[in-house]
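Contents: one structure, followed by commentary.
If you read the sequence from its start, that first residue is 1, and numbering goes on from there.
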Amino acid sequence: MGGPSLVGGCNFDHPAKHLRHVEKDVLIPKIMREKARERCSEQVQDFTKCCKDSGILMVVKCRKENSALKECLTAYYNDPAFYEECKMEYLKEREEFRKTGIPTKKRLQKLPTSM
């Protein structure tokens, strides 16, 4: 019996690193989108400003800003190192949740704001 131990179809040899379908395809990409938007904040601001200034004509007038934003975001989405960074962040959050039972957002909210 040399292979990985499978219980209920799950590999428990490396439970800390195993990712479920929803984690790979939904939760980690969500972190990637959030972080990419932060890192492309200049392009997000430019596109948002253009849209506000252009009103109904934004589709025509904001092509340049939209292209720059898409290019910036796509560069992050297609970067394997960025995926790994977001995956490790997710795994860290998941490990903390498994230890404490408290989601990251609630843990951060409970920190005292002033001392």
Side-chain angles (χ1 to χ4, degrees):
M1 302 242 349
S5 56
L6 292 174
V7 178
C10 294
N11 178 347
F12 285 100
D13 284 352
H14 300 288
K17 300 288 184 210
H18 176 75
L19 291 170
R20 295 173 297 143
H21 167 73
V22 71
E23 292 171 318
K24 281 185 220 168
D25 298 341
V26 177
L27 300 174
I28 293 172
K30 180 180 178 214
I31 292 172
M32 291 177 73
R33 281 191 303 277
E34 291 167 0
K35 288 178 86 72
R37 283 184 64 87
E38 288 170 15
R39 294 179 183 188
C40 296
S41 64
E42 185 180 321
Q43 290 86 346
V44 170
Q45 287 174 355
D46 291 347
F47 180 65
T48 303
K49 182 182 183 322
C50 181
C51 289
K52 285 178 182 171
D53 294 346
S54 303
I56 215 162
L57 298 173
M58 72 175 135
V59 174
V60 177
K61 288 191 170 186
C62 301
R63 284 188 179 143
K64 183 182 83 174
E65 291 82 357
N66 187 33
S67 292
L69 176 57
K70 280 203 284 191
E71 189 177 312
C72 182
L73 293 172
T74 303
Y76 282 109
Y77 298 156
N78 293 330
D79 180 1
F82 183 66
Y83 175 84
E84 284 301 314
E85 176 187 330
C86 294
K87 180 174 98 173
M88 295 313 292
E89 181 178 318
Y90 172 77
L91 288 170
K92 185 178 166 196
E93 288 177 12
R94 184 179 76 176
E95 186 180 342
E96 273 303 305
F97 175 75
R98 287 178 175 176
K99 283 182 195 171
T100 65
I102 304 169
T104 303
K105 287 180 183 173
K106 286 193 176 163
R107 244 189 356 265
L108 294 176
Q109 289 170 355
K110 289 185 182 210
L111 292 174
T113 53
S114 61
M115 296 207 150

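- Environment of CD in Glu84: crowded, with over 12 heavy atoms of neighbouring residues, nucleotides or ligands closer than 6.0 Å.
- One finds the CZ atom of Arg98 at 9.0 Å from the CD atom of Glu95 (value rounded to the nearest 0.5 Å).
- Only one option out of Arg33, Glu34, Lys35 pairs with Cys86 in a side-chain contact (heavy atoms from CB on, under 4.5 Å); it is Lys35.
- Between Asp79 and Met32 there is no side-chain heavy-atom pair separated by less than 4.5 Å.
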Legend entry - Intermediate values then yes/no, side-chain contact (heavy atoms from CB on, under 4.5 Å), Tyr83 and Lys24: CA-CA 10 Å; Tyr83 175 84; Lys24 281 185 220 168; 4.2 Å; yes

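- Linking ILVMFWY residues whenever their side-chain heavy atoms come closer than 4.5 Å, directly or via other members, places Tyr90 and Tyr76 in the same cluster.
- The side-chain heavy atoms of Leu27 and Arg94, taken from C-beta on, include no pair separated by under 4.5 Å.
- Pairing each heavy atom of Arg20 with each of Glu23, the nearest pair is N-OE1, 2.6 Å.
- Taken to the nearest 0.5 Å, the CD1 atom of Ile28 stands 12.5 Å off from the NZ atom of Lys30.
- Among Met88, Glu89, Glu93, the one residue that satisfies the side-chain contact (heavy atoms from CB on, under 4.5 Å) test with Leu91 is Met88.
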Distance-only donor-acceptor hits, side chain of residues 52-70, under 3.5 Å, sequence neighbours excluded:
{"residue": "Asp53", "atom": "OD2", "partner": "Lys49", "partner atom": "NZ", "Å": "2.7"}
{"residue": "Ser54", "atom": "OG", "partner": "Cys50", "partner atom": "O", "Å": "2.8"}
{"residue": "Ser67", "atom": "OG", "partner": "Arg63", "partner atom": "O", "Å": "3.0"}

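- Every residue was checked against the ring pair (Phe, Tyr, Trp, His ring centres under 6.0 Å) condition with Tyr77, not counting sequence neighbours, and none meets it.
- Other residues, nucleotides and ligands contribute more than 12 heavy atoms inside 6.0 Å of the CZ atom of Arg39.
- A 6.0 Å sphere centred on CD of Glu71 holds no more than 12 heavy atoms belonging to other residues, nucleotides or ligands.
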